[in-house]
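One structure below.
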Protein chains: 2
Amino acid sequence: MALEHAILVSLLEKPGSGYELASRFDRSIGRFWTATHQQIYRVLRRMEADGWIAAEDVVQEGRPDKRVYSAAGPGREALSVWLRAPVEPETVRHDLAVKIRAAAFDDPAGRAGLVAEVERHRVVHAALLDRYLAGERRDFPDPAVLDAQQSLQHVVLRGGIEYERMTVAWLDDVLATLHRIG
Amino acid sequence: MALEHAILVSLLEKPGSGYELASRFDRSIGRFWTATHQQIYRVLRRMEADGWIAAEDVVQEGRPDKRVYSAAGPGREALSVWLRAPVEPETVRHDLAVKIRAAAFDDPAGRAGLVAEVERHRVVHAALLDRYLAGERRDFPDPAVLDAQQSLQHVVLRGGIEYERMTVAWLDDVLATLHRIG
DNA sequence: CACGTCATGTAATTCGTTACATGATTTA
DNA sequence: TAAATCATGTAACGAATTACATGACGTG
């Protein structure tokens with residue numbers, strides 16, 4: 001389990017409320033870890049009870065009040081312990097690959113539907129690639145002058161970029177294959 | 001949920017027992033879908049109750065008897081319905097990326113531990129790449145003469161190969177970055 | 001006035017993981 | 001004789017998903 005640790009990293013980079021964390025998990029962090037607000041609120045309560053994070057109630061005008069969390073000492077320690085323990089390479093769940101192999105057992109209409117589906121995925125991944133590249137130009141215009149934290153953020157972003165590049169190329173390969181077999 | 005569908009595809013490609021399915025999920029199918037035998041047995045019972053698959057008891061000598069499952073009509077139909085419904089692009093869970101960003105908040109000893117961890121992952125992914133390439137040479141020696149089912153299996157395998165290639169290159173990038181920042 | 005954003009939650013169900021359990025046969 | 005392979009399961013727990021719920025404010 002690493003949701004706790006992903007939240008800790010995010011709060012170390014910048015304190016925030018459950019709502020703010022949820023939107024970060026929808027954007028930047030979502031590249032390598034997804035979580036819904038329900039999960040996040042549940043884990044935040046547990047982490048606060050364990051003393052990993054500290055909460056501060058912030059009264060706001062014009063919008064609802066919020067609880068802003070930040071990483072506490074025991075949280076940093078727990079993160080450090082986790083960093084030193086090995087994690088297993090990720091387990092993959094790739095619906096589209098299942099569908100591609102399933103297409104062998106469906107009729108031409110089903111294959112046509114799959115082409116549309118693959119094209120849809122291609123659009124999504126190409127858009128993600130563009131967004132990551134734009135983010136790279138915006139946040140890392142001069143890669144020579146980055147501090148340690150920025151260098152690490154940048155190399156993770158490069159991983160996302162290469163993943164999307166590869167995926168778009170592979171989806172083109174899939175489309176060509178589907179076209180070839182009719 | 002697509003474990004049902006992954007099992008259906010596997011049974012359509014070749015009928016088999018829960019045990020055999022579990023070992024397929026450990027090898028070929030595990031490239032894009034993982035499942036343990038406990039999950040598989042649970043889902044097989046549900047699928048049989050729903051009439052998606054048919055079971056046949058096979059008495060064996062010298063080894064335990066087994067129940068061999070094969071896809072039934074309603075299962076093929078369910079698969080066809082699923083093929084026509086859109087699936088969302090996968091949700092990623094990438095512990096290593098969390099660790100890399102976490103390294104910004106740990107001391108040099110923690111960073112050294114991370115280098116070892118990244119090197120370990122690199123070995124695993126390089127070995128997977130070799131295994132996929134060997135499988136490709138063995139199963140698809142002449143890509144010009146494949147039928148539809150084989151073409152689809154091959155394009156999924158190429159996806160695995162490109163993923164591992166990209167991952168190994170990225171892990172080298174990560175190692176260089178960790179080295180640069182000390 | 002409807003919709004989107006900010007903000008936080010509960011409840012029910014399903015899914016995934018870990019541990020435990022049995023028992024025969026083959027191989028080292 | 002110990003370990004690995006074949007074969008199938010139960011039980012308990014924790015995690016993830018989905019649906020439901022509330023309410024104020026700002027924008028078009």
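To find a chain, count down the sequence lines: A is the first, B the second, and so on, and within it residues start at 1.
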Please confirm whether the shortest side-chain N or O distance from [X] to OP1 or OP2 of [N] is below 4.0 Å.
X: B/Y19; N: D/dC6; answer: yes
X: A/Q60; N: C/dA7; answer: yes
X: B/R93; N: D/dA16; answer: yes

Can you tell me which nucleotide in [options] comes closest to the side chain of [X]?
X: A/Q39; options: C/dT10, D/dA16, D/dG9; result: D/dA16
X: B/Y41; options: D/dG23, D/dA7, C/dT8; result: D/dA7
X: A/T36; options: C/dA19, D/dT18, D/dG23; result: D/dT18
X: A/H37; options: D/dA7, C/dC15, C/dT8; result: C/dT8

**Prompt:** Does a salt bridge link A/R67 with A/E48, judged by any charged N lying under 4.0 Å from a carboxylate O?
**Reply:** yes

Assign the ring pair A/H154 / A/F140 to parallel, tilted or perpendicular, where the plane angle (0 to 90°) is split at 30° and 60°.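 Aromatic pair A/H154/A/F140 classed parallel.
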
TODO: Indicate the ring-plane relationship of A/H94 and A/W170, choosing parallel, tilted or perpendicular according to the 30° and 60° boundaries.
DONE: perpendicular

Applying a 4.0 Å non-hydrogen cut-off, can you work out what A/S17 is touching in the nucleic acid: base, sugar-phosphate, or nothing?
sugar-phosphate

- With sugar-phosphate meaning primed atoms plus P, OP1 and OP2, does A/R42 contact a base, only sugar-phosphate, or nothing at under 4.0 Å between heavy atoms? base

What is the distance from [atom1] of [X] to [atom2] of [N], rounded to the nearest Å?
X: B/K66; N: D/dT8; atom1: NZ; atom2: P; answer: 8 Å
X: A/Q38; N: C/dA11; atom1: CD; atom2: C1'; answer: 11 Å
X: B/L3; N: D/dA16; atom1: CG; atom2: C1'; answer: 15 Å
X: A/R24; N: C/dA7; atom1: CZ; atom2: P; answer: 12 Å

Strictly distance-based, threshold 3.5 Å: is any side-chain N or O of B/H121 a donor or acceptor partner for the main-chain N or O of A/E88?
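Between the backbone of A/E88 and the side chain of B/H121 there is no qualifying donor-acceptor contact (under 3.5 Å).
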
Q. Between B/R76 and B/S80, is any side-chain donor less than 3.5 angstrom from a side-chain acceptor?
A. no

- [ ] Map B/E20 and B/R45 onto DNA chain D by nearest heavy atom, then report which one ends up closer to the 5' terminus.
- [x]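 By nearest-heavy-atom nucleotide position, the 5'-most residue is B/E20.
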
